[in-house]
Amino acid sequence: MMVNAITVLHERLDSITTHIEVLKRIDAITKQHIENEDIKYIQSKQTDEKIFNYRANIISLYGAFEFFIEEVFKEYINNLRNIIPQYSSLNNRIRDSYFTNVTKLHSKLHYAKFSHITEQHIAKNIERVIVQNKNEILAESYLGNGGNYKHQIVCDLMSSVGICNVDCNIIQLSPLSDLLSESTHDKEQQRRMVAMRLDDLVNKRNEIAHGAIIDNIIDIESFEDILKFISAYCDSLNTLLKHELLAQKWEQLSCTIYTPINVYGNNIAELKVKNIQLSIGNKLLIKKQSFPSYQEAEIKEIRIKNNTIGSIEKVESININDDEHLISIEVSAKLKGNRELKFI
């Protein structure tokens with residue numbers, strides 16, 4: 001879940017990182033006192049090359065970022081379909097705006113990013129979503145025509161489908177939280193820092209794209225800092241969207257909520273259960289009160305108390321009907337006594 005867009009992003013960031021390493025090595029070679037016509041030529045063109053590479057690096061980095069934002073948003077919407085199959089069960093923010101958004105999409109089909117969508121596609125989609133009540137909403141209906149994905153624009157995009165407080169929540173998730181903590185632990189300063197750094201990249205990209213004369217070229221080390229920030233920002237945003245999907249899944253699961261009687265170590269829960277089937281390898285959702293609230297885990301071990309003889313047995317699976325049994329499960333995540341559990 002939520003692996004495609006982030007995988008492509010890191011492939012592109014790795015290519016930019018490799019390019020930077022090549023530039024560093026070329027720079028190191030040109031600083032050596034070697035009598036070579038090729039070296040002399042490169043040395044004579046260093047200023048021009050630095051300007052060109054600066055422009056290319058900024059455009060490439062922003063391009064990778066913009067592609068990620070739109071693809072990870074589409075990936076979230078596609079995953080949401082599997083969790084909530086009916087349009088009428090989606091949140092109000094989506095239902096209140098979707099018809100307007102999808103009809104406006106008709107006027108944007110001449111843009112390259114929407115070229116795979118046709119008028120017939122839109123008409124059929126409206127019929128299937130609005131009339132047949134199927135959750136087949138088009139993520140493209142929420143996307144803008146061009147770039148300029150400043151931090152507030154990213155937050156607004158996510159908010160348009162009910163993912164609120166992105167600016168507050170993203171700074172609490174690793175690796176972005178770790179990176180920001182290197183500078184300050186003040187949450188308000190961290191929020192401003194995220195907006196400032198991302199908006200700075202967008203502004204630099206716009207200057208280059210619109211042909212502005214560039215006077216303040218940053219050095220390679222400063223660009224590497226921007227690259228590190230974008231990587232952390234995107235990783236944490238991807239984690240945030242996975243968390244939102246787990247929150248939706250929790251709400252859709254109409255099953256018993258269990259609270260551990262005891263927790264042993266940090267991953268073994270003792271529970272009283274009945275009318276349940278469990279096997280090693282089954283998934284469960286874990287909910288806590290503080291953000292991030294939801295986590296998915298796997299059952300690693302099951303033990304059940306024999307009500308007749310009182311012994312504890314280790315089993316591969318259980319199928320309990322009306323009688324209540326005491327069991328313990330070892331899971332692949334950390335637990336505390338105040339956690340709530342739902343078995344998938």
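- Remark: Ile257 engages Trp250, Glu340, Lys342 in a side-chain contact (heavy atoms from CB on, under 4.5 Å) (not counting sequence neighbours).
- In this model, no donor atom of one side chain and acceptor atom of the other lie less than 3.5 Å apart for Asn321 and Asn275.
- Residues forming a side-chain contact (heavy atoms from CB on, under 4.5 Å) with Asn82 (at least two apart in sequence, or on another chain): none.
- Taking Arg303 as the reference, Glu301 meet the salt bridge (Lys or Arg N to Asp or Glu O under 4.0 Å) condition, with sequence neighbours excluded.
- At least one donor-acceptor pair under 3.5 Å links the side chain of Ser236 to the backbone N or O of Leu173.
- The stretch residues 89-98 participates, sequence neighbours left out, in these side chain to side chain donor-acceptor pair (under 3.5 Å) pairs: Asn92-Arg95, Arg93-Ser159, Tyr98-Asn125.
- With sequence neighbours left out, Asp200 forms a salt bridge (Lys or Arg N to Asp or Glu O under 4.0 Å) with Lys204.
- Classified by interplanar angle (parallel below 30°, tilted 30° to 60°, perpendicular above 60°), the ring pair Phe73/Tyr142 is perpendicular.
- Distance alone, capped at 3.5 Å, places no donor-acceptor pair between the Ser231 side chain and the Leu227 backbone.
- A heavy-atom distance below 4.5 Å is not found between the side chains of Leu80 and Val161.
- At least one donor-acceptor pair closer than 3.5 Å links the side chain of His325 to the backbone N or O of Asp323.
- Residue Val8 is found in a hydrophobic cluster whose other members, listed by chain and number, are Phe67; membership requires side-chain heavy atoms under 4.5 Å apart, directly or through intermediates.
- For Lys242, there are no salt bridge (Lys or Arg N to Asp or Glu O under 4.0 Å) partners at least two apart in sequence or on another chain.
- In the hydrophobic clustering, where aliphatic and aromatic side chains (Ile, Leu, Val, Met, Phe, Trp, Tyr) are joined below 4.5 Å either directly or transitively, Ile42 groups with Val22, Ile26.
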Can I get a per-line list of side-chain donor-acceptor pairs under 3.5 Å for residues 182-189, giving both atom names and the distance, sequence neighbours left out?
residue	atom	partner	partner atom	Å
Thr184	OG1	Asp186	N	3.1
Thr184	OG1	Gln189	OE1	3.4
Asp186	OD1	Glu188	N	3.1
Asp186	OD1	Gln189	N	2.8
Glu188	OE1	Arg191	NH1	3.2

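- Side-chain atoms of Asn203 come within 3.5 Å of backbone atoms of Asp199 as a donor-acceptor pair (strictly under, hydrogens ignored).
- Listed by chain and residue number, Ile261, Asn262, Tyr264, Leu326 satisfy the side-chain contact (heavy atoms from CB on, under 4.5 Å) test with Glu270 (two or more places apart in sequence, or in another chain).
- Under the 3.5 Å distance criterion, the side-chain polar atoms of Ser174 are left unmatched by any main-chain donor or acceptor of Ser177.
- Checking Lys45, Gln43, Glu37 one by one against Tyr41, the side-chain contact (heavy atoms from CB on, under 4.5 Å) holds for a single residue, Lys45.
- Ring geometry for Tyr62 against Phe65 counts as tilted: the plane angle lies between 30° and 60°, on a 0 to 90° scale.
- Under 3.5 Å, the side chains of Asn169 and His243 contain no donor-acceptor pair of N or O atoms.
- A search for side-chain contact (heavy atoms from CB on, under 4.5 Å) contacts involving Asn79 returns Met1, Met2, Glu75, Leu245, not counting sequence neighbours.
- Between the Asp219 side chain and the Ser222 main chain, a donor and an acceptor come within less than 3.5 Å of each other.
- In the hydrophobic clustering, Ile276 connects to Tyr258, Val263, Leu271, Val273, Leu278, Ile280, Leu284, Ile286, Ile299, Ile302, Ile304, Val315, Ile318, Ile320, Ile327, Ile329, Val331, Leu335, Leu341, Phe343, either directly or through intervening members, whenever side-chain heavy atoms lie under 4.5 Å apart.
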